[in-house]
There are 4 protein chains.
Amino acid sequence: MARIVKAPEERRAEIVETAGRLFRKHGYAKCSVEMIIREIGVAKGTFYYYFKSKPDILEAIVDKTLSQIVEMASSVADDPSLSAMQKMAALLGNSHIGDDDSLEVAEMLHLPENRELHELTNIQTVLQLSPILAQIVEQGIGEGVFEVERPLETIQFLFTGAQFLTDGGMFGFSEAELRTRRLVMQTIIEKALGSTPGSFDFMNPIRAVE
Amino acid sequence: MARIVKAPEERRAEIVETAGRLFRKHGYAKCSVEMIIREIGVAKGTFYYYFKSKPDILEAIVDKTLSQIVEMASSVADDPSLSAMQKMAALLGNSHIGDDDSLEVAEMLHLPENRELHELTNIQTVLQLSPILAQIVEQGIGEGVFEVERPLETIQFLFTGAQFLTDGGMFGFSEAELRTRRLVMQTIIEKALGSTPGSFDFMNPIRAVE
Amino acid sequence: MARIVKAPEERRAEIVETAGRLFRKHGYAKCSVEMIIREIGVAKGTFYYYFKSKPDILEAIVDKTLSQIVEMASSVADDPSLSAMQKMAALLGNSHIGDDDSLEVAEMLHLPENRELHELTNIQTVLQLSPILAQIVEQGIGEGVFEVERPLETIQFLFTGAQFLTDGGMFGFSEAELRTRRLVMQTIIEKALGSTPGSFDFMNPIRAVE
Amino acid sequence: MARIVKAPEERRAEIVETAGRLFRKHGYAKCSVEMIIREIGVAKGTFYYYFKSKPDILEAIVDKTLSQIVEMASSVADDPSLSAMQKMAALLGNSHIGDDDSLEVAEMLHLPENRELHELTNIQTVLQLSPILAQIVEQGIGEGVFEVERPLETIQFLFTGAQFLTDGGMFGFSEAELRTRRLVMQTIIEKALGSTPGSFDFMNPIRAVE
DNA sequence: GATGAATGAGAATTCATTCAT
DNA sequence: TATGAATGAATTCTCATTCAT
């Protein structure tokens with residue numbers, strides 16, 4: 001095959017992107033290095049030039065995904081013009097607000113990922129996003145819309161439940177079942193954060209429309 | 001190797017038990033059939049005499065674990081002499097009440113299991129235990145100690161959060177961190193179920209002592 | 001399972017019969033001893049009580065099949081009331097003459113058998129049946145209907161061609177192709193044995209009807 | 001083991017050649033991949049780098065053998081300077097005419113091959129060589145040396161008989177028995193093709209000498 | 001930087017056969 | 001005679017990783 005030289009950064013990014021896509025589609029364990037390099041059209045050696053092992057690239061993918069999520073969340077959390085409630089809506093809502101080519105946080109979190117990737121990213125997402133959300137909760141307490149003692153741990157618990165329960169098909173729920181669960185989730189979140197019933201309606205847009 | 005004949009059920013149970021232990025210790029994928037049979041001291045053929053494939057025994061293990069959990073929970077839930085709150089305490093509390101040789105539900109749920117086993121049992125546990133707990137909540141509503149609209153879905157959400165967040169090391173929390181999380185969980189549960197603050201103190205016995 | 005005691009002869013015959021049927025259906029190599037004993041409903045040990053190995057029973061099956069074929073052919077060949085041509089028709093024709101429950105020679109020879117069984121029985125059939133057919137040819141020479149120098153070898157060659165070419169699907173011929181081949185076979189046989197054209201019409205009954 | 005890199009075609013050919021030799025010697029089923037790679041001195045992975053399964057290489061061997069046979073036969077059949085009878089002699093005769101390093105067709109056909117390889121190549125040989133021989137027969141009809149109605153089917157039948165009957169030891173004939181059979185085959189072929197007795201004497205060179 | 005042939009340690013699974021009961 | 005649990009060598013195939021070019 002023709003040897004195609006690329007800038008190292010570009011080649012590395014290409015491999016991460018492709019591997020990530022394939023891992024999400026077929027699962028980490030079922031994805032051989034062979035599959036990845038065939039998809040890209042490079043040689044085996046090239047893969048091992050950039051990554052010293054297969055677990056190595058898994059880490060790179062999780063890191064990349066998370067930094068994207070965190071960056072987006074941070075930019076919202078740090079926006080001084082938004083109220084706590086608006087920030088919550090922006091981060092947890094289901095409607096597109098801005099750009100088209102970038103996924104929204106809520107969407108990113110629900111990609112039909114697989115086990116290994118899933119668990120790793122789910123956990124890291126909870127751990128890294130919780131402080132950001134907790135900070136918003138603190139802001140909300142100041143604004144008088146939330147009342148809760150331990151924002152970080154509370155957010156962590158709620159986030160974990162939400163993430164794992166309604167996440168990419170782990171539980172095998174139907175669409176209707178998922179809707180009910182999201183409604184209940186909203187109620188629990190409102191109670192746990194001590195906010196007005198209905199204040200998290202943005203989580204269930206259809207019901208809000210009804 | 002010497003041929004040691006055993007009663008089929010005994011041999012089968014022996015294999016399930018050993019495989020379960022090794023899966024929990026090293027993970028399903030990293031545990032070869034070779035490891036299992038070497039541990040027991042039987043031939044490979046013996047393994048395949050009882051289980052037709054490796055996934056097959058994984059299923060057997062999950063089934064066994066779950067039926068134990070469900071059986072125990074049911075016996076508590078069906079006891080007419082106990083109040084809803086007593087049942088909750090019995091199922092979610094951390095103190096041993098009865099027999100010594102059998103694990104309590106709460107303990108079973110927190111075994112340091114691995115991915116495959118983990119996810120499978122976690123999910124099934126939530127799905128199968130939720131109705132039983134929901135039924136107790138209904139009883140509690142009748143007794144005036146709970147107030148909640150959708151017991152099943154509420155329980156499912158709370159259970160999922162609890163299960164995944166404080167479960168065998170997935171999140172890598174320290175003991176202190178786990179304690180804080182359990183405290184918060186208690187508060188959220190009390191709020192979500194509409195019960196008196198402090199009524200779920202049994203979840204955090206040490207704090208109760210303090 | 002209940003232990004069912006049978007007369008040794010009966011049990012042995014039962015195993016041979018069942019194994020033969022399965023070998024013909026799935027092939028010798030693909031048929032495990034397990035399959036055979038499960039089909040009969042006896043234990044592994046029982047199989048090995050009657051046959052010391054798997055190849056052993058293959059031989060028993062071939063022997064049995066062949067002795068049936070040879071016996072039937074002999075009874076025809078030895079019938080003093082039939083002419084050579086009548087005997088040929090009886091042995092190679094495609095129409096049923098007598099009993100219903102026993103297969104005719106021609107039919108037996110074309111069972112859709114598998115490789116191992118196939119080759120073994122084909123070869124043995126050719127070797128054991130050839131002398132009998134050769135003897136009929138000798139009779140025919142005496143009766144003035146055949147003219148050929150070396151009946152045995154001639155028969156052997158013709159038989160081999162017929163057996164392997166039109167046999168159970170080895171060549172993958174369609175029904176139409178098989179018909180054409182049978183027509184040509186008839187011509188060659190007539191020429192090789194020096195008999196009148198059309199004298200072997202019984203081999204192609206449909207054409208005879210046309 | 002030392003890593004010896006070779007040109008892919010060379011390595012592939014080496015594996016096909018070695019596997020072919022071993023299959024012919026011990027039989028396809030009794031030849032493990034292990035045996036093959038040990039004989040060549042490469043790693044297991046190397047085998048599976050070139051062939052995706054064991055049946056895969058069987059096919060490669062049969063293909064290679066057949067294309068050699070067909071190529072040789074075609075070059076003879078297409079030679080405009082030869083008469084039909086000369087072509088027959090060239091293809092079916094037992095004496096070497098030309099090159100030394102390549103096996104003659106007749107020899108190739110009689111290699112002591114095993115079941116699977118045997119049956120597959122025998123059948124394919126008959127199917128692929130028949131049209132070429134039939135074409136020669138047509139030429140012979142034009143030249144007035146043959147007289148036969150259905151050349152293709154006739155050739156197929158004769159070829160099948162010859163191939164299987166005198167082929168590498170299937171029937172276990174002695175040299176003397178084989179000689180007699182070849183003599184008879186000659187007669188039958190002459191009769192079936194309607195050619196002059198003795199015109200196929202090249203098939204039995206020793207007798208011709210006698 | 002890039003290639004791709006080569007490696008080889010294992011993995012799961014099969015199955016004819018044995019033998020204690 | 002009969003049972004069926006137990007054996008274990010053998011087999012095919014996978015795949016992360018290495019390394020000569």
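Note on naming: letters A, B, ... go to the chains in the order of the sequence lines (proteins, then strands), and numbering restarts at 1 for each one.
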Q: Checking only heavy atoms, does the side chain of B:Arg3 share a donor-acceptor pair with the base of E:dT18 at less than 3.5 Å?
A: yes

Q: Given pairs defined as Watson-Crick or G-U wobble with both distances under 3.5 Å, what dot-bracket annotation applies to DNA chain E, with ( ) intrastrand, [ ] crossing, | other strand and . unpaired?
A: .||||||||||||||||||||

Q: If you assign each of C:Val33 and D:Pro8 to its closest nucleotide in DNA chain E, which residue comes earlier from the 5' end?
A: D:Pro8

Q: Distance to the ring centre below 6.0 angstrom and angle to the axis at most 45 degrees; does that hold for B:Lys54 and B:Phe47?
A: no

Q: Please state how far atom CD in C:Glu14 lies from atom P in F:dT1, giving the value in whole angstrom units.
A: 14 Å

Q: Can you measure D:Lys52 atom NZ to F:dC15 atom C1' for me and round it to whole angstrom units?
A: 17 Å

Q: Is there a donor on the side chain of B:Lys44 or the base of F:dT7 sitting less than 3.5 Å from an acceptor on the other?
A: no

Q: By nearest atom, which of the nucleotides F:dC15, E:dA16, F:dT1 is closest to the C:Ser32 side chain?
A: E:dA16

Q: Quick check on A:Lys30: does its NZ atom have over 12 non-hydrogen neighbours (other residues, nucleotides or ligands) under 6.0 Å away?
A: no

Q: Base, sugar-phosphate, or nothing: which does B:Tyr50 touch, judged by heavy atoms less than 4.0 Å apart?
A: sugar-phosphate

Q: Which atom pairs, donor and acceptor, lie under 3.5 Å between side-chain atoms of residues 8-20 of chain C and protein residues at least two apart or in another chain?
A:
{"from": "C:Arg11", "atom 1": "NE", "to": "C:Glu14", "atom 2": "OE1", "distance (Å)": "3.3"}
{"from": "C:Arg11", "atom 1": "NH1", "to": "C:Ile4", "atom 2": "O", "distance (Å)": "3.3"}
{"from": "C:Glu14", "atom 1": "OE1", "to": "C:Lys6", "atom 2": "NZ", "distance (Å)": "3.3"}
{"from": "C:Glu14", "atom 1": "OE2", "to": "C:Lys6", "atom 2": "NZ", "distance (Å)": "3.4"}
{"from": "C:Glu17", "atom 1": "OE2", "to": "C:Arg21", "atom 2": "NE", "distance (Å)": "3.4"}
{"from": "C:Thr18", "atom 1": "OG1", "to": "C:Glu14", "atom 2": "O", "distance (Å)": "2.8"}

Q: Would a 4.5 Å heavy-atom cut-off, applied to side chains only, mark D:Ile57 and D:Phe23 as touching?
A: yes

Q: For A:Phe47 and for B:Arg11, locate the closest nucleotide of DNA chain F by heavy-atom distance; then report the residue assigned to the nucleotide nearer the 5' terminus.
A: B:Arg11

Q: Kindly indicate whether the side chain of C:Ile61, heavy atoms from C-beta on, has any atom under 4.5 Å from the side chain of C:Arg24.
A: yes

Q: Take atom NZ in D:Lys52; do more than 12 heavy atoms of anything else shown fall under 6.0 Å from it?
A: no

Q: Give the rounded distance in Å between these two atoms: OH of D:Tyr48 and C1' of F:dC13.
A: 5 Å

Q: Select base, sugar-phosphate, or nothing to describe what A:Thr46 touches, counting heavy atoms under 4.0 Å on all strands.
A: base

Q: Check the distance between F:dA16's P and A:Ile37's CD1 and give it to me in whole angstrom.
A: 11 Å

Q: Between atom CG in C:Leu22 and atom P in E:dA16, what is the gap in whole Å?
A: 13 Å

Q: Taking D:Ser67 for its side chain and D:Asp63 for its backbone only, find out whether a donor-acceptor pair lies under 3.5 Å.
A: yes

Q: Pick the closest DNA chain F nucleotide for B:Lys6 and for A:Lys30 by heavy atoms, then say which residue is nearer the 5' end.
A: B:Lys6

Q: Rounded to the nearest Å, what distance is computed from the CD1 atom of residue A:Ile15 to the C1' atom of nucleotide E:dA2?
A: 11 Å

Q: Figure out the CZ/P separation between C:Arg38 and F:dT3, and round it to whole Å.
A: 16 Å

Q: Write down the distance between CD1 (A:Ile36) and C1' (E:dT3), rounded to a whole number of angstrom.
A: 17 Å

